[in-house]
Amino acid sequence: KAGVTQTPRYLIKTRGQQVTLSCSPISGHRSVSWYQQTPGQGLQFLFEYFSETQRNKGNFPGRFSGRQFSNSRSEMNVSTLELGDSALYLCASSLAGGAMGSPLHFGNGTRLTVT
Amino acid sequence: TQLLEQSPQFLSIQEGENLTVYCNSSSVFSSLQWYRQEPGEGPVLLVTVVTGGEVKKLKRLTFQFGDARKDSSLHITAAQPGDTGLYLCAGLPITQGGSEKLVFGKGTKLTVNP
């Protein structure tokens, strides 16, 4: 069974640009969650999608957005990049979603560097 | 403020030693999960505990959920270099009418030296 796939693995962008990250969940998983991981703050929840609907949202500015397609694949977009957006962005899929206590299966992340 | 506090933040030990890491909160959780993350990879689930006082063993790893479901510990016996990684606890807080979100601690970075 293929795991969670995130693309690209590494990304370097300049302040003010925008970026789109992609996540393909495990087959059959309808929930996709996104997290930002930094050394100082740890894992911070961005949002969760379930069956193409945003079910939960963290405390991030509106520059961070996401969507989920009918095949459960998800994308997240960050507009007007800031230096502080440099982080490892992790996607996790699960059957019912983290809010239901369902185990999360993480991808290996996208390392975003903003210069 | 961090809902889940993990300690210690860093731990460096020799192969064969025992260790315990802690995950504490003032909030009550309906369940708590432990993950291990190795460099360059995403976190991998080790265990989920759901009952207060529950103890689960996974080979040399022992996980305990506090009676009041506010804290948890992970004990590793005879640590090996392969245990090296970032150990994360994550909990589902019990809320009243609010949307539930899985919250993570900042993790304990464990290094086991051969």
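Residue numbers start from 1 in every chain, and the chains themselves are labelled A, B, ... in the order their sequence lines are given, proteins ahead of strands.
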Trainee: Considering heavy atoms only, which positions within residues 54-62 of chain B lie below 4.5 Å of chain A?
Mentor: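 Counting heavy atoms that sit under 4.5 Å from chain A, no residue of residues 54-62 of chain B is involved.
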Trainee: Please name the pair of heavy atoms, one in A/P103 and one in B/L45, separated by the smallest distance, quoted to 0.1 Å.
Mentor: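 So the two residues come closest at CB-CD2, 3.3 Å.
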Trainee: Look at the side-chain heavy atoms of Ile, Leu, Val, Met, Phe, Trp and Tyr, link any pair under 4.5 Å apart, and say whether B/V44 and B/L74 land in one connected group.
Mentor: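 Different clusters: B/V44 never reaches B/L74 through Ile, Leu, Val, Met, Phe, Trp or Tyr contacts under 4.5 Å.
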Trainee: Name the region of B/L86, side chain, backbone, both or neither, that has any atom closer than 4.5 Å to a heavy atom of chain A.
Mentor: side chain
Trainee: Are A/V32 and A/F60 grouped together when hydrophobic residues (ILVMFWY) are joined by side-chain heavy atoms under 4.5 angstrom apart?
Mentor: yes
Trainee: Around A/R15, counting heavy atoms of other residues, nucleotides and ligands shown, do more than 12 lie under 6.0 Å from its CZ?
Mentor: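 Open.
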Trainee: Using 0.5 Å steps for rounding, measure from the CG atom of B/L4 to the CG atom of A/L43.
Mentor: 12.0 Å
Trainee: Going hydrophobic residue to hydrophobic residue with side-chain gaps under 4.5 angstrom, can you get from B/F10 over to B/I76?
Mentor: no
Trainee: Is A/V4 reachable from A/Y89 through a run of I, L, V, M, F, W or Y residues, each pair having side-chain heavy atoms under 4.5 Å apart?
Mentor: no
Trainee: Do any N or O atoms from the side chain of A/Y35 and from the backbone of B/F104 form a donor-acceptor pair under 3.5 angstrom?
Mentor: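 No; zero donor-acceptor contacts below 3.5 Å.
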Trainee: Checking A/Q6 against chain B: side chain, backbone, both or neither under 4.5 Å from a heavy atom?
Mentor: neither
Trainee: Under a single-linkage definition using a 4.5 Å side-chain heavy-atom cutoff for Ile, Leu, Val, Met, Phe, Trp and Tyr, are A/Y10 and A/L112 assigned to the same hydrophobic cluster?
Mentor: no
Trainee: For B/Q9, does the CD atom sit with more than 12 other heavy atoms under 6.0 Å from it, leaving out its own atoms?
Mentor: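 Result for CD/B/Q9: open.
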Trainee: Side chains of A/S33 and B/L102, heavy atoms from C-beta outward: is any pair under 4.5 Å?
Mentor: no
Trainee: Please report the closest heavy-atom contact between B/E41 and A/N108, naming both atoms and the distance.
Mentor: CA-OD1, 3.4 Å
Trainee: Any chance CG of A/N71 has more than 12 other-residue heavy atoms, nucleotides or ligands included, within less than 6.0 Å?
Mentor: yes
Trainee: Where on A/R111 is there a heavy atom nearer than 4.5 Å to chain B: the side chain, the backbone, both, or neither?
Mentor: neither
